[in-house]
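The structure appears right after this line, and notes come after that.
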Amino acid sequence: MRNAMCRAAHTSYLSPHTFIKMGDLLNIFIKSVFIENMVLAYFLGMCSFLAVSKSVKTAIGLGAAVVFVLTLTVPINWFINEKILGPNGIFGMDLTFLRFILFIATIAAFVQLVEMAVEKFSPSLYNALGIFLPLITVNCSILGGALFMVAREYNLAEATTFGFGSGIGFMVAIVVMAAIREKIRYSAVPPALRGLGIAFLLTGLMGIAFMSLMGINPGNYMTHH
Amino acid sequence: MHSNKYVTVYTVIMTLVVSVVLAVVVSGLKPIHDDNAAVYKKREILKAVKGYLGSDLDKMSDKEVLDLFDKNIKQVVIDANGKPVEGEKAEDLDMAQEEKKPLADRHYPVFTFESDKGTFYLVSIRGNGLWDKIWGTIALKDDFNTIAGASFGHVGETPGLGAEISDNPAFPKQFEGKTINEDGKYVSVAVVKGGIKKPAHQVDAITGATITSKGVTEMLDRGLRIYLPYFESLKK
Amino acid sequence: MAEIATQVEQEKEPFFGKKERKLLTDPLSDNNPITVQVLGICSALAVTTLVNKAFVMAIAVTFVTAMSNFAVSFLRKGMPKQIRMIVQLVVVAFLVTLVELALKAANYPIWKELSVYIGLIITNCIVMGRLEAYAMANKPWRSFVDGIGNGLGYGVILIIVAAFRELFGKGSLAGFQIIGNTPDYLIDTTKNSFFSWYMPNNMMVIPAAALFLIGSIIWIQRSKNQNLVDVS
C-alpha cells in the first residue's frame, strides 16, 4: 500500500524535461545578461571591452557584432559538440579532446564567412560592423560561450538563449562603460589612475551593481507557482 | 599570396598532424584520467560520511580511498520503481546522463557503507538550483530516517555566490541528525530562511544564496522520494 | 644559402644575451602584459580566488605563450596568408589541449576547478597578442624567450591578486590556513583576543575584487613610473 502510494506520488511528479519550460529559458537569459554577465562576472571579452569602450558609437558597433556572432556560434558549436565530438555523434566515439580546436576553428571560420558576406552584400553594414569582426574571433566571450554551454549541459534551446543573452550582456556592459568613460573625461581623476586604472575600478563597481540584480527571479515564479 | 592548392594541402597536413598527436596523447593518458575521475567521484560520495570514516578524508591517499570503497561499500543500482537492477555498478552511473532519460527509465545508485559505527545508505540526488544544476549525496542511517551526513555540489565556474552549498562546510553539517519522516510519513528536509520552526526537518538557508535554497529543498524532496520504495524493501 | 646566413647570424649573437634578458625581464615590470599592454585580462582573472589555482594557471599560460610563440615563429614563413589566423589558433588550441590533458592526469581536482578557464587560454589576448606582435616577425628562440617573459609577467600579477583575495577573503594562503574562527587556523580568532575583531572579507571573493586590485596595482605602478601615465 505504502509502496503504491510512493510510486504514485513519484510518477506524478513531472520531470523537468517533460514540458518546455519557458521560465527556464527566461531564467537563462536574465542570468546571462545581468547576473553572470560575461564581462563583469567572468572577465570574458575584457580586452576588447577595455580597448573599444572609449566612445558609445563604437561600443554599440562591437556589441552588436558580438550579439550576432554569439547567437549563431553557440548553437553551431552545440551541434558540433553533440553530433561530431560526442559518443553519440556520427563517429560514434568520444572525440571531445578535439573540442578546443574544432570550436575555435568554427568560430574563426564563421567570423571570416560573415565578414566576407557582409562586405559583399551590405557595404554600409560592413562599414559599421566590419572593422570589429576580426576582433571578435579572439574575444574570449565567444569561445567562453561555447565552453560554458558544454560545461552547463545546455540543450539546443537553452544554448541558443544563452548565446543570445550573453551577447546582449556584453553589449549592455560595453555601452554603459563607454558612456561612463565619455563623461569621466571631465572629472579630476588622479593622473596615474587615468585611462586604464579608472576603467578597471569602474568595471568592478559595475560588476557589483549587476550582481545585486541576483534577487530578481522571474523564471522561478513561472515554473514553480 | 599562396595558391589555393597550397592552402588546402597545408590545412590537411596541419589537421592530420594535430589530430594524430592528440589522439596518441589521449589514448596514452586515458587510463590515468579514468583512475583520477573514479577517485574524484568516490571522494565526493564519501564526503557525505566524512565523520564516520575513521580518518580525515582530505588526508587519505587515492589508494586508501579506493581500498575503503572496495572493502566497505556495497553498490546497488535501482530502477525508477526501487527494484535492484542486475549487472550495473553504481559507481559507473552518471546522474547527469540519467537525467536525460525519461523518468521511468532512469536508474539510481545506492552505496551501502558498512563501518564499525553502523551501516549507512548513501544516495545521489540531483536538481536545479536557481541558476545552475545542483547535486548531492545524502547518507541515511539504517533506520532509513535519520540523515548521517550530506554533501552538495553545483555547476559553477566562479566560486562565490551560490557556491556556499558546496564550499561552506557549515551548510551540509546542518543536515546531520535531521529526519526525513514524521510519524512514519515522508516529509523530507527543507531549507528555510529566517527561523527554523521544525528543527527535526528543517535547516537554515545559506546567507548570500538564499534563492538556491528553494532548489535544494525541491531536490531533496524529489530526490529522496525516489529511494523510498527501495528502503521499504530493505526494511522487510 | 639562407640556412647558412641564419647560422652565421646565430654565431654572432650570444645564445642568451642582453636582448634575451630584456625580453624576459621587461614584461615583469615596465612592459607588463596586464597592467601596461592591457592584454590577457580576459578569462584568467576568474581563477584568482585561490593562490594554488592562479599558480597552475600562470604555469599553463606561460607554457602556451612560450611554445606557441616558438611554433608560430618557426612556421611563419610557410604560413598561408589567407588562413593565418586559423593556423595560429589551431596551434594555440592544440597546445592548450595538451595542457588540459596533462593537468587532468597530474591533478584532477585542480583541473575540475579550473574547468572552462583552461580552454579559455586559447583566446587569452596575451597569446594571440604576442604571436602577432612578436613571433610573426622574429626568430623562434627569441620568440620563445619573449613568450616566457610575458607568461611570467602575467603570472606575477595573477599570483599577487590571488594572494590578496585568498588572504583577505578566506584567511588562507596557498591552502595554508592562517586566520579564521576554528582551531585549524594558525590564528584562531575565537581564542586570540587580539584578532577577535577579524572577519573574512567576503567582498574579496566576488569577481569585482580582482578588478579593484588590478586597478590599484596599475595606480601604484603608474605613480612610480610617470612614463606609463595615460595622456589621452
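All chains are named by letter (A, B, ...) in the order of the sequence lines, taking the proteins before the strands, and each is independently numbered beginning at 1.
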Worksheet item: Please walk me through it: do A:Ile101 and B:Leu22 pass side chain to side chain contact (heavy atoms under 4.5 Å, CB included)?
Response: CA-CA 11 Å; A:Ile101 295 176; B:Leu22 282 185; 3.5 Å; yes
Item to complete: Go through the atoms of B:Ala104 and report whether side chain, backbone, both or neither lie under 4.5 Å from a heavy atom of chain A.
Response: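 Looking at B:Ala104, nothing touches chain A.
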Fill in: Contact class of B:Val25 relative to chain A, heavy atoms under 4.5 angstrom
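Nothing of B:Val25, per the 4.5 Å heavy-atom cut-off to chain A.
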